[in-house]
Amino acid sequence: MSKVALVTGGTRGIGAAISMALKNAGYSVAANYAGNDEAAQKFKAETGIPVYRWSVADYDACEAGIRQVEADLGPVAVLVNNAGITRDSMFHKMTRDQWREVIDTNLHGVFNMTHPLWSGMRDRKFGRVVTISSINGQKGQAGQANYSASKAGDIGFTKALAQEGARAGITVNVICPGYIGTDMVMAVPEKVRESIIAQIPVGRLGEPEEIARCVVFLASEDSGFITGATITANGGQYFAG
Ligand SMILES: NC(=O)c1ccc[n+]([C@@H]2O[C@H](COP(=O)([O-])OP(=O)(O)OC[C@H]3O[C@@H](n4cnc5c(N)ncnc54)[C@H](OP(=O)(O)O)[C@@H]3O)[C@@H](O)[C@H]2O)c1
């Protein structure tokens with residue numbers, strides 16, 4: 001069984017923790033990123049995990065990137081769709097670019113990465129697709145119509161594809177983190193961050209490693225009966241029905 005895992009946005013934040021946790025679990029990991037070469041090279045030097053630059057928003061670049069990863073490491077058994085961006089704005093001020101960039105990365109990116117890998121997983125009768133959605137895809141969030149739409153789309157995608165993959169030994173699951181202490185969250189003003197923490201029953205932000213441990217479990221052969229699941233990891237902030 002191939003033990004190759006590909007993590008999009010795998011060089012920073014939650015993705016970096018996922019790449020490391022999968023490496024520690026014995027996988028050959030490839031970490032993709034979009035453009036921050038400095039962070040990627042630092043991550044590579046510290047972890048020994050190879051890094052690959054392309055945008056998940058570009059289908060052709062995903063196909064070429066995947067071909068390169070498979071030439072270097074072997075067939076990809078585990079895909080972690082983690083790359084994601086925010087372009088927050090109240091809807092009446094939201095530009096078409098803010099809408100499009102978020103949908104292109106967070107939703108089209110998941111198609112662009114999963115589609116080229118799907119046939120190989122079907123042929124090999126094994127695959128794991130884990131997508132990182134968000135609490136705000138479950139409950140919606142003012143100022144994030146674009147982000148909430150993209151992340152809700154990831155959940156629907158997962159539920160549909162799980163049904164197609166089941167007979168082929170492919171599981172497809174989605175994790176909805178609450179607020180995690182990464183660059184994305186630390187970029188919001190401190191006052192806003194404090195008000196967010198006040199809404200989290202466990203009284204703190206989550207750690208990237210807490211999401212990474214969920215991914216390692218869903219990637220493993222032990223999780224074969226879990227597919228189409230939405231795993232909520234948000235410190236008790238929101239319980240999806
Ligand atoms: N942080 C949270 O509280 C939180 C909560 C819920 C869900 N999430 C989700 O968790 C995921 C990771 O979030 P994070 O906070 O760890 O983000 P982050 O710290 O901002 O890191 C984002 C990573 O994604 C990469 N990336 C962005 N756009 C990309 C593209 N078009 N193609 C390829 N890679 C791309 C970045 O590459 P570069 O380094 O090159 O920019 C970086 O490696 C996202 O999907 C996010 O929506 C986060």
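As the structure lists them, so they are numbered: ligands from 1, and atoms in each ligand from 1.
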Task: Per-residue contact class, T105 against ligand 1 - non-hydrogen pairs under 4.0 Å - done: side chain

- [ ] Would you kindly specify which portion of V185 sits under 4.0 Å from ligand 1, judged on non-hydrogen atoms: side chain, backbone, both or neither?
- [x] side chain

Task: Value rounded to 0.5 Å, distance of CD1 in I132 from CG in N106 - done: 12.0 Å

Task: With V7, the side chain to side chain contact (heavy atoms under 4.5 Å, CB included) member among V80, I49, N32, L79 - done: V80

Open item on the list: Please classify the A39 to ligand 1 contact at 4.0 Å (heavy-atom distances, strictly less than): side chain, backbone, both or neither.
Closed with: neither

Task: Proximity of T182 to ligand 1 by residue part, where a heavy atom lies under 4.0 Å - done: side chain

TODO: Name the closest protein heavy atom to atom 43 (O) of ligand 1, giving the residue it belongs to and the distance to 0.1 Å.
DONE: T11 OG1, 3.2 Å

Open item on the list: Please give the remaining members of the hydrophobic cluster of F111, linking ILVMFWY side chains under 4.5 Å, ordered by chain and number.
Closed with: Y59

- [ ] Would you check if V174 and V130 make a side-chain contact, meaning some heavy-atom pair closer than 4.5 Å?
- [x] no

Task: Proximity winner for atom 27 (C) of ligand 1, if only heavy atoms of D183, I85, D154 are counted - done: I85

Task: Protein heavy atom at shortest distance from atom 10 (O) of ligand 1 - done: I132 CG2, 3.4 Å

Open item on the list: Quick check: N82 and ligand 1, any N/O pair under 3.5 Å apart?
Closed with: yes

Task: Residue R193 excluded, over 12 heavy atoms near CZ under 6.0 Å - done: yes

Task: Polar proximity ligand 1 side, A34 side, N/O cut 3.5 Å exclusive - done: yes

Open item on the list: With a heavy-atom distance limit of 4.0 Å, tell me whether Y147 approaches ligand 1 through its side chain, its backbone, both, or neither.
Closed with: side chain

Open item on the list: Just checking K23: does its NZ atom have more than 12 heavy atoms from other residues, nucleotides or ligands closer to it than 6.0 angstrom?
Closed with: yes

Task: ligand 1 to S55 polar contact by distance, N or O atoms, under 3.5 Å - done: yes

Task: Residue W54 vicinity, atoms of ligand 1 by number, heavy atom under 4.0 Å - done: 32 (N), 33 (C)

Open item on the list: Any atom of ligand 1 sitting under 4.0 Å from a heavy atom of G178?
Closed with: yes

Task: P208 and ligand 1 - part of the residue with a heavy-atom distance under 4.0 Å - done: neither

Task: Nearest atoms (heavy-atom pairs only) where G10 meets S19 - done: O-OG, 2.9 Å

Open item on the list: In this structure, does ligand 1 have an atom that sits under 4.0 Å from one of the heavy atoms of A31?
Closed with: no

Open item on the list: Under a 4.0 angstrom heavy-atom cut-off, which atoms of ligand 1 come close to Y179?
Closed with: 3 (O)

TODO: Using the side chain to side chain donor-acceptor pair (under 3.5 Å) rule, take H108 and N112 through it: C-alpha gap first, then chi angles, then the decisive distance, then the call.
DONE: CA-CA 6 Å; H108 294 165; N112 295 343; over 6 Å; no

Open item on the list: With a 4.0 Å cut-off on heavy atoms, is G109 in contact with ligand 1?
Closed with: no

Open item on the list: Once you restrict to heavy atoms under 4.0 Å, what part of N32 touches ligand 1? Side chain, backbone, both or neither.
Closed with: side chain

- [ ] Can you measure from CZ (R124) to OG (S119) and round to the nearest 0.5 angstrom?
- [x] 10.0 Å

- [ ] Carefully, step by step, assess R204 and E210 under the rule salt bridge (Lys or Arg N to Asp or Glu O under 4.0 Å).
- [x] CA-CA 13 Å; R204 62 172 176 85; E210 293 181 297; 2.9 Å; yes

Open item on the list: I'd like to know whether NZ of K159 has more than 12 heavy-atom contacts from other residues, nucleotides or ligands below 6.0 angstrom.
Closed with: no

Open item on the list: Within the 4.0 Å heavy-atom shell around G13, which atoms of ligand 1 are there?
Closed with: 16 (O), 19 (O)

TODO: Give the atoms of ligand 1, by number and element, whose distance to some non-hydrogen atom of K151 is under 4.0 Å.
DONE: 44 (C), 45 (O), 46 (C), 47 (O)

Task: For atom 3 (O) of ligand 1, the protein heavy atom that lies nearest, with its residue and separation - done: I180 N, 2.7 Å

Open item on the list: Tell me the protein heavy atom at minimum distance from atom 32 (N) of ligand 1, and give that distance in Å.
Closed with: V56 N, 2.9 Å

Task: Side-chain donor or acceptor of S223 paired with backbone N/O of I226 under 3.5 Å - done: no

TODO: State, with a plain yes or no, whether a side-chain heavy atom of V78 is found less than 4.5 Å away from one of L6.
DONE: no

TODO: State whether a side-chain donor-acceptor pair under 3.5 Å links N136 with Y238.
DONE: no

Open item on the list: Contact between ligand 1 and R53 is defined here as a heavy atom of the residue under 4.0 Å from a ligand atom; is it met?
Closed with: no

Task: atom 36 (C) of ligand 1: the protein heavy-atom neighbour that sits closest, reported with distance to 0.1 Å - done: R12 NH2, 3.9 Å

